[in-house]
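First listed ligand is number 1; within each ligand, the first listed atom is number 1.
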Amino acid sequence: MLSIRTRRDGSAMKVLVTGGAGFIGSHLCRHLLQKGYSVTCLDNLNTGFKQNIDFFHSYPEFSFIEADVRDEINIDVDVVFNLACPASPSAYQKDPIGTLMTNVVGTFNVLNLAMRCGATVIQASTSEVYGDPDVHPQSEKYWGNVNPIGLRSCYDEGKRAAETLCFDFMRTKNLSVKVARIFNTYGPGMDVDDGRVISNFIVQALRGDPILVFGDGTQTRSFCYVDDLVKGIILLSESDTAISGPINIGNPTETSIIELAHIVKKLTKSSSSIEYRYLPEDDPKKRKPDISQAIDLLLWQPEISLDDGIASAIDHFRKIIK
Ligand code: UDP
């Protein structure tokens, strides 16, 4: 298949995906390979898995580098998607200093690599930059409500600092940068022990274990199916150079966590009970993206409904749960 954009010599554009063996990263690698890009995946396999990318070795244009984004990177690339960072609260809180440094030092390394190659950086930012929002839904104009010293800060403030670095490189060094703010994403390929709510609920329901709702379950999230999300990020990367974002990429259908528990129970036909546990510190009460910018500038909006997406995720977990 021909690539959308090719280099001057006609060869495929060279794309680096940091964190490419992770959940979103591996879906992104697959979509890029299918579009004809030459893809290098860089991952330290901390929360990513070789199994996620095994199949891609059948593409001659795929390569894997086992490395940490906090170390200097030296390869020739045209575009870098910077996804390297643990993203599940349980994973990023295990090594909070490492998480913060991955966002700051890792992003710094990616930006410097891009400077040397004349590449464009697509930064995977997050709805976490809005913290526990007091504006609803969240548009890109909102600056957020983030605790700088809490358990989530290593990720939230790390991602905020990474955005700052991106825009300072753009302003002071004229680097081409595009920032996507990714909202809660789910789908096939998630790890059984990922720790995020959709995977936890499905695994609990399939095993017949209690479905554990944190807090009273009235807190909300807006869940985006991974293929929708990846299409949005690729459209951003292929968009006009004047579009740098930040731009929200997510599904605006808002669901409470207790509603989600009932949807998962229904779709798995599970007899699991629903039980309540303490709400973790600084858990945002509500979250919903305003995606008008993505609709206007990228002509993108999500297509997969929550029920259909969860059904696909259930199929995936049925295959891997012992
Ligand atoms: N949650 C839950 N049970 C779980 C995991 C998460 O009730 O097993 C809740 C969590 O407290 C939060 C929401 O589900 O309110 C989403 O959590 P997740 O860790 O998936 O992502 P977040 O948006 O908080 O980063």
Per side chain to side chain donor-acceptor pair (under 3.5 Å), T220 is matched among K288, E254, K286 by E254
Between V17 and F49, is there a shared hydrophobic cluster once you connect ILVMFWY residues whose side-chain heavy atoms come closer than 4.5 Å? no
Is K14 salt-bridged to D76, cutoff N-O under 4.0 Å? no
Please report whether ligand 1 has a polar contact with F214, defined as an N or O pair separated by less than 3.5 Å (distance criterion only). yes
Just let me know how P280 lines up against ligand 1, side chain, backbone, both or neither, with a heavy-atom cut-off below 4.0 Å. side chain
Between Y225 and L235, is there a shared hydrophobic cluster once you connect ILVMFWY residues whose side-chain heavy atoms come closer than 4.5 Å? yes
If the cut-off is 4.0 Å to any non-hydrogen atom of F201, which atoms of ligand 1 fall inside it? 3 (N), 7 (O)
Step through the shown structure and confirm whether more than 12 heavy atoms of other residues, nucleotides or ligands are within 6.0 Å of OH on Y142. yes
Any N or O of N184 that comes nearer than 3.5 Å to an N or O of ligand 1? yes
Return yes when R277 approaches ligand 1 closer than 4.0 angstrom through a heavy atom, no otherwise. no
Atom 13 (C) of ligand 1 has as its nearest protein heavy atom I257 CD1, 3.6 Å
Kindly determine whether N251 and Y186 satisfy side-chain hydrogen bond (donor to acceptor under 3.5 Å, both in side chains), including the steps that lead there. CA-CA 11 Å; N251 189 320; Y186 71 98; over 6 Å; no
Hey, is K285 touching ligand 1 through its side chain, its backbone, both or neither, going by heavy atoms under 4.0 Å? neither
Kindly confirm or rule out a cation-pi arrangement of K35 over Y37, judged by NZ or CZ under 6.0 Å from the six-membered ring centre and within 45° of its axis? no
Quick one: nearest non-hydrogen protein atom to atom 11 (O) of ligand 1, plus distance? D283 OD2, 2.6 Å
Please identify which atoms of ligand 1 are closer than 4.0 Å to at least one heavy atom of E128. 25 (O)
For R196, is at least one N or O under 3.5 Å away from an N or O on ligand 1? no
Could you list the atoms of ligand 1 found under 4.0 angstrom from a heavy atom of V213? 7 (O)
What I want to find out is whether E238 reaches K178 closely enough, with some N-O distance under 4.0 Å, to be called a salt bridge. no
Atom 8 (O) of ligand 1: the protein heavy-atom neighbour that sits closest, reported with distance to 0.1 Å: N200 ND2, 2.8 Å
What I want to find out is whether D9 reaches R7 closely enough, with some N-O distance under 4.0 Å, to be called a salt bridge. no
Report the part of V197 (side chain from C-beta onward, or backbone N, CA, C, O) that has a heavy atom under 4.0 Å from ligand 1; answer both or neither where that applies. both
Residue and atom name of the nearest protein heavy atom (relative to atom 3 (N) of ligand 1), distance in Å to one decimal: L212 O, 2.9 Å
Which residue owns the protein heavy atom closest to atom 22 (P) of ligand 1, what's the atom, and how far is it? R152 NH2, 3.5 Å
In this structure, CE of M170 is separated from CG of L111 (nearest 0.5 Å) by 11.5 Å
Report yes if some N/O of P284 lies less than 3.5 Å from some N/O of ligand 1; otherwise report no. no
